[in-house]
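Here's the structure we're looking at; comments come further down.
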Amino acid sequence: MAQVGIVMGSDSDMPVMAKAAEILDRLGVSYEMSIISAHREPDEFFAYAKSAEEKGFQVIIAGAGMAAHLPGMCAAIFPMPVIGIPMHTTSLGGRDSLYSIVQMPAGIPVATVAINGGANAGLLAAKILATSDAALLQKLKDYSRDLKEQVQAKDKRLQETGYKNY
């Protein structure tokens, strides 16, 4: 049974949403990924959002661009956390998506990551799940340690070679 639902409005969102899936794969978190348009197929969207809890989802990651109603509508129906990923758009650089997701009315919260922030959405979903999963919490601590070691290795290289040879 999948713990996280990953849903996007278009296959053009796949490169960003794949980053969330890659993080969840790395941490061993199960997920189900779907393409569903809240605007172009509302009946299918409502069925998805209404069945998400029954499917066992504990978090939904929803990515959308432009009017970006997918995350907010998921949050209106699904009773557990929803993480919205605003997609970069050619017309407004993703600000349209960001505002559509982050400016939710009182009572319908959507946790929102940066424009094209797929990896952080995956990490946030894992952190939510880790509040009741000690093994996952340890994996997150290990992930953070790995990030720290990567930065330290880069600085060591810089110190040894200088910026011109980096």
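Note that the structure is a prediction, hence the values are computed from the model and not measured. Heavy-atom basis, side chains included; hydrogens, waters and symmetry copies ignored.
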Does CD in E54 sit with more than 12 non-hydrogen atoms of other residues, nucleotides or ligands closer than 6.0 Å? no
So which heavy atom on I60 is nearest to which on C74, and how close? CG2-SG, 4.2 Å
As an exercise, state the distance from CD of E44 to CD1 of I35, rounded to the nearest 0.5 Å. 13.5 Å
For the atom pair CD1 (I36) and CZ (F45), what is the distance rounded to the nearest 0.5 Å? 8.0 Å
Would you say that Y143 contacts L123 through its side chain, given a criterion of any heavy-atom pair below 4.5 Å between the two side chains? yes
If I compare all heavy atoms of L27 with all of A126, which pair ends up nearest, and what's the gap? CD1-CB, 3.6 Å
Taking CZ in R145 as the centre, count heavy atoms belonging to other residues, nucleotides or ligands within less than 6.0 Å. Is the count above 12? yes
Flag side-chain contact, heavy atom, 4.5 Å: I77 against Y48: no
Please answer: with hydrophobic residues joined when any side-chain heavy atoms are less than 4.5 Å apart, are V59 and F78 in the same cluster? no
Side chain proximity check, M1 to Q58, heavy atoms < 4.5 angstrom: no
Rounded to the nearest 0.5 Å, what separates atom CE in M87 from atom OG in S10? 9.5 Å
A18: side-chain contact (heavy atoms from CB on, under 4.5 Å) partners, not counting sequence neighbours: E22
Taking every heavy atom of S100 against every heavy atom of M66, the minimum-distance pair comes out as OG-O, 3.6 Å
Would L124 end up clustered with M80 when hydrophobic side chains under 4.5 Å apart are linked, directly or stepwise? no
Compare all side-chain heavy atoms of L24 with those of I6 and state whether any distance is below 4.5 angstrom. yes
Between Q138 and D142, does the side-chain hydrogen bond (donor to acceptor under 3.5 Å, both in side chains) criterion hold? Intermediate values first, please. CA-CA 6 Å; Q138 186 57 54; D142 294 343; 2.9 Å; yes
Backbone of L129 reached by a side-chain donor or acceptor of D133 within 3.5 Å: no
So do F46 and M73 actually touch side chain to side chain, heavy atoms under 4.5 Å? yes
Any non-hydrogen side-chain atom of I128 less than 4.5 Å from a side-chain atom of I83? yes
Taking all non-hydrogen atoms of both residues into account, name the closest pair between V4 and A125 and its distance. CG2-CB, 4.3 Å
Shared hydrophobic cluster for V151 and L158 (ILVMFWY, side-chain gaps under 4.5 Å): no
Working to the nearest 0.5 angstrom, can you tell me the gap between Q3 CD and F57 CZ? 11.0 Å
Heavy-atom closest pair, residues L70 and G63: CD2-O, 3.6 Å
When you compare the side chain of R26 with that of K139, does any pair of heavy atoms fall below 4.5 Å? no
Would a distance-only check, ignoring hydrogens and angles, find a side-chain to backbone donor-acceptor pair under 3.5 Å from S34 to E32? no
Between the side chain of Q103 and the main-chain N/O of Y99, is any donor-acceptor distance below 3.5 Å? no
Within one Ile-Leu-Val-Met-Phe-Trp-Tyr cluster: V7 and V110, side-chain cutoff 4.5 Å: yes
Output the distance between atom OG (S51) and atom NZ (K55), rounded to the nearest 0.5 Å. 4.0 Å
With rounding to the nearest 0.5 angstrom, report the NZ to OG1 distance, K156 to T161. 11.5 Å
Taking I101 as the starting point, is it possible to reach V113 by hopping between hydrophobic residues whose side chains are less than 4.5 Å apart? no
Just by distance, with hydrogens left out, do D146 and Q150 show a side-chain donor and acceptor under 3.5 Å apart? no
Which word best sums up how the rings of H39 and H69 line up, parallel for under 30°, tilted for 30 to 60°, or perpendicular for over 60°? perpendicular
Is the number of heavy atoms from other residues, nucleotides or ligands under 6.0 Å of Y166 OH greater than 12? yes
For I85 versus A114, what's the shortest heavy-atom pair and its separation? CG2-O, 4.3 Å
So do the side chains of I115 and S97 get within less than 4.5 Å of each other, counting heavy atoms only? no
